[in-house]
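The block underneath contains the structure these notes are about, expressed in structure tokens.
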Amino acid sequence: MTDTHHPIEIAVATGDGIGPEIMAATLTILEAAGAPLRFAPIELGEKVYARGVLNGIDASAWEVLRRTGVLLKAPLATPQGGAGRPGYKSVNVTLRKSLGLFANVRPVRAYGAFVPSPQPTMDVVVVRENEEDLYAGIEHRQTDDVFQCLKLITRKGCERIVRYAFEYAVRNGRSRVTCMTKDNIMQMTDGLFHRVFDEIGAEYPDIKKDHMIIDIGAARLATRPTDFDVIVTLNLYGDILSDIAAEITGSVGLAPSANIGQTVAMFEAVHGTAPQIAGKGIANPSGLLLAAVQMLNHLGLADAATRVHNAWLKTIEDGIHPADIYREGVSTEKAGTEAFARAVIARLGETPSVLAPVSYVPMEPIRIEVEELAPTHRELVGSDVFVFHRGHVEELVPALEKAAGPGLKLVMVTNRGVKVWPNGLPETTTTDHWRCRFETRGTGADRAEITGVLQRLELASVDVIKCEHLFRFDGVAGYSLGQGQ
Ligand code: NAD
């Protein structure tokens, strides 16, 4: 692919808050660089919510997204949920999930002496899983005291993102991929991510690999970022990690982000709408501009990507800095959004002399195929029945044991995951939410036995919230033990 293409149509959303200002600056630079693009505007966010569209996206926008396959997006405000507007969904999350944008790629780089940073040589890429985890948005209030959010992790989702991270490393000349999880605690969900990392990593012998628990990993990233190259992690950890990393480079206003799917890709800044400075003409357009550089590369427009990125590096090197990174004695000029864009345009064709210049080559986008899973033998062996009860576990147990009936047996009761029966500790703090584990007495349970338990609990006036069936997969338990079990 070369830059002599007919113009490529891309969808453009100017966003909310500082969005219109930084998007105007970015598009002006792309046009001045001669990037062969045609912009198809779409409306997302506040204006669409105002029309009563709860997810902030009109039907016409989906059509443009499907046609172009590429979206350059400025930040969007998400109306806060809670009591006032519980129905509103984040457009950002809806876009990522509806369009299958499974990989969030966030390169985070510091700029030496030019943008003061505690880690002036930082250069890492955070590859964040983008569709799963606690972001599934499945939340419930279950009792007076307890609220839950489901963390959903799929094997295919792990395979897709981990393979993407390794492919990214290979193509971008990166030598190490570090996986970060909390699998010492979440052995099934995070454990799966770690296992898949080990399995897929074995196919990339030339890449160094390691795994770190996310808490120490995040601390090390902040203090010793040169230990890292590419980091692959789950959705929530990646979200937090990439913001910390971006801030360490000098400002969250500098960091770009690519959201990659099989058929559509979306490019945006890491930061939000910065409502405090909206309309003042002082926002830093760099995060969005560098996202546009990622987009040019995705489209195979390597020359334009190189030209824009080097002109931007030269501008930073010349000390022309927007307010968020302006420092007396380091910067030479405090530039508003438009002046900064003009400075970048004036440097198109130039390369930085101290900061390392970039030189992109055209590359096909990374395509990840994930194989269908082999079916397992799945056997029902019991159920965790969650009940609401204000009081002591001993008041519940007789009714639970009786309800177990002939086929099932009450094996434990936990409260917030800690075993409180049998042999609980008096010190354990409890709440009004009890998980009662019924297991089969024989080899397998049938659903009628579990339904029988639920009916007997109902007759005994035990307040059931939900039940979660217990399965073995090819003989292996698909559920965790209670703490202390
Ligand atoms: P924010 O990123 O908007 O602001 C954090 C801080 O960084 C503020 O001090 C802000 O002024 C500053 N800042 C951010 N970008 C800047 C830039 N380009 N130039 C100069 N300074 C900049 O985060 P927030 O305040 O938590 O969120 C504000 C809104 O943005 C919320 O509605 C949130 O939902 C939304 N948001 C959207 C996205 C997105 O569209 N992808 C991402 C994050 C937050």
Side-chain angles (χ1 to χ4, degrees), residues 11-26 29 42-50 55-57 61 71-82 84-85 88-97 99 101 104-106 108 115 126 128 130 135 137 235-236 238-259 265-292 294-295 312 316 320-327 331 334-341 344:
V12 170
T14 50
D16 304 317
I18 59 171
E21 300 158 57
I22 59 173
M23 183 59 85
T26 299
I29 296 167
I42 61 170
E43 224 172 52
L44 300 170
E46 272 177 348
K47 292 188 209 82
V48 185
Y49 287 121
N55 66 6
I57 309 173
L71 168 63
L72 182 63
K73 183 184 97 36
L76 297 167
T78 300
Q80 295 296 304
R85 311 164 96 175
Y88 289 91
K89 289 278 179 201
S90 155
V91 188
N92 297 312
V93 177
T94 304
L95 280 171
R96 285 173 200 156
K97 287 178 20 189
L99 298 173
L101 307 179
N104 188 194
V105 183
R106 296 182 167 190
V108 192
V115 180
V126 180
R128 160 190 169 196
N130 217 16
Y135 289 57
N235 202 342
L236 176 63
D239 195 2
I240 298 169
L241 217 55
S242 52
D243 264 29
I244 294 174
E247 193 63 33
I248 290 172
T249 65
S251 169
V252 72
L254 294 173
S257 151
N259 297 269
M266 172 174 97
F267 300 87
E268 61 181 345
V270 164
H271 62 76
T273 57
Q276 315 85 339
I277 57 167
K280 296 188 178 161
I282 58 169
N284 187 347
S286 300
L288 186 61
L289 183 67
L290 295 178
Q294 288 181 300
M295 178 189 75
W312 179 84
I316 295 296
I320 301 171
H321 293 165
D324 59 321
I325 56 169
Y326 179 85
R327 298 288 177 280
S331 314
K334 189 189 279 183
T337 314
E338 281 179 18
F340 183 78
V344 175

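We're numbering straight along the sequence, starting at 1. Order of listing sets the numbers, starting from 1, for every ligand and every atom in it.
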Checklist entry - Going by the atom numbers of ligand 1, which of them fall below 4.0 Å from some non-hydrogen atom of Ile277? => result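 Result: 20 (C), 21 (N).
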Item to check | Numbered atoms of ligand 1 (with element) below 4.0 Å of Ala77, judged on heavy atoms | outcome: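 Atoms satisfying the 4.0 Å criterion: 32 (O).
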Checklist entry - Does Ile22 have a non-hydrogen atom less than 4.0 Å from ligand 1? => result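 The answer is no: ligand 1 sits nowhere under 4.0 Å from a heavy atom of Ile22.
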Out of [options], whose heavy atom is nearest to [atom]?
{"atom": "atom 39 (C) of ligand 1", "options": "Ile18, Leu254, Asn92", "value": "Asn92"}
{"atom": "atom 8 (C) of ligand 1", "options": "Glu268, Met266, Gln276, Glu247", "value": "Gln276"}
{"atom": "atom 19 (N) of ligand 1", "options": "Asp243, Asn284, Thr337", "value": "Asn284"}

Checklist entry - Taking 4.0 angstrom as the limit, do Asp16 and Lys47 come out as a salt bridge? => result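 Between Lys47 and Asp16 there is no salt bridge, as every charged N stays at least 4.0 Å from the carboxylate O atoms.
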Does the N or O separation between [X] and ligand 1 drop below 3.5 Å for any pair?
{"X": "Val252", "value": "no"}
{"X": "Pro75", "value": "no"}
{"X": "Gly272", "value": "yes"}
{"X": "Arg96", "value": "no"}

Item to check | Spatial distance of atom CG (Leu288) from atom CD1 (Ile22) [nearest 0.5 Å] | outcome: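 Those atoms lie 5.0 Å apart.
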Cut-off 3.5 Å, no hydrogens considered: what does the side-chain donor-acceptor table look like for residues 275-286, sequence neighbours left out?
| unit_1 | atom_1 | unit_2 | atom_2 | d |
| --- | --- | --- | --- | --- |
| Lys280 | NZ | Gln276 | O | 3.1 |
| Asn284 | OD1 | Ser286 | N | 2.9 |
| Asn284 | OD1 | Ser286 | OG | 2.5 |
| Asn284 | ND2 | Asp324 | OD1 | 3.2 |
| Asn284 | ND2 | Asp324 | OD2 | 3.3 |
| Ser286 | OG | Trp312 | NE1 | 2.9 |

Checklist entry - Of all heavy-atom pairs between Ser242 and Arg106, which one has the smallest distance, and what is that distance? => result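 What the structure gives for the nearest pair is OG-NH1, 2.5 Å.
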Item to check | Closest approach of Leu72 to Met295 (non-hydrogen atoms, all atoms of both residues) | outcome: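 Heavy atoms of Leu72 and Met295 come nearest at CB-SD, 4.0 Å.
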Listed pairs under 3.5 Å, donor-acceptor, residues 267-274 side chains, sequence neighbours left out:
| unit_1 | atom_1 | unit_2 | atom_2 | d |
| --- | --- | --- | --- | --- |
| Glu268 | OE1 | Lys73 | NZ | 2.8 |
| Glu268 | OE2 | Arg96 | NH2 | 3.3 |
| Glu268 | OE2 | Asn259 | ND2 | 3.2 |

Checklist entry - Going by atom types alone, do Tyr49 and Asn55 pair a side-chain donor with an acceptor below 3.5 Å? => result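 No, no side-chain donor-acceptor contact under 3.5 Å.
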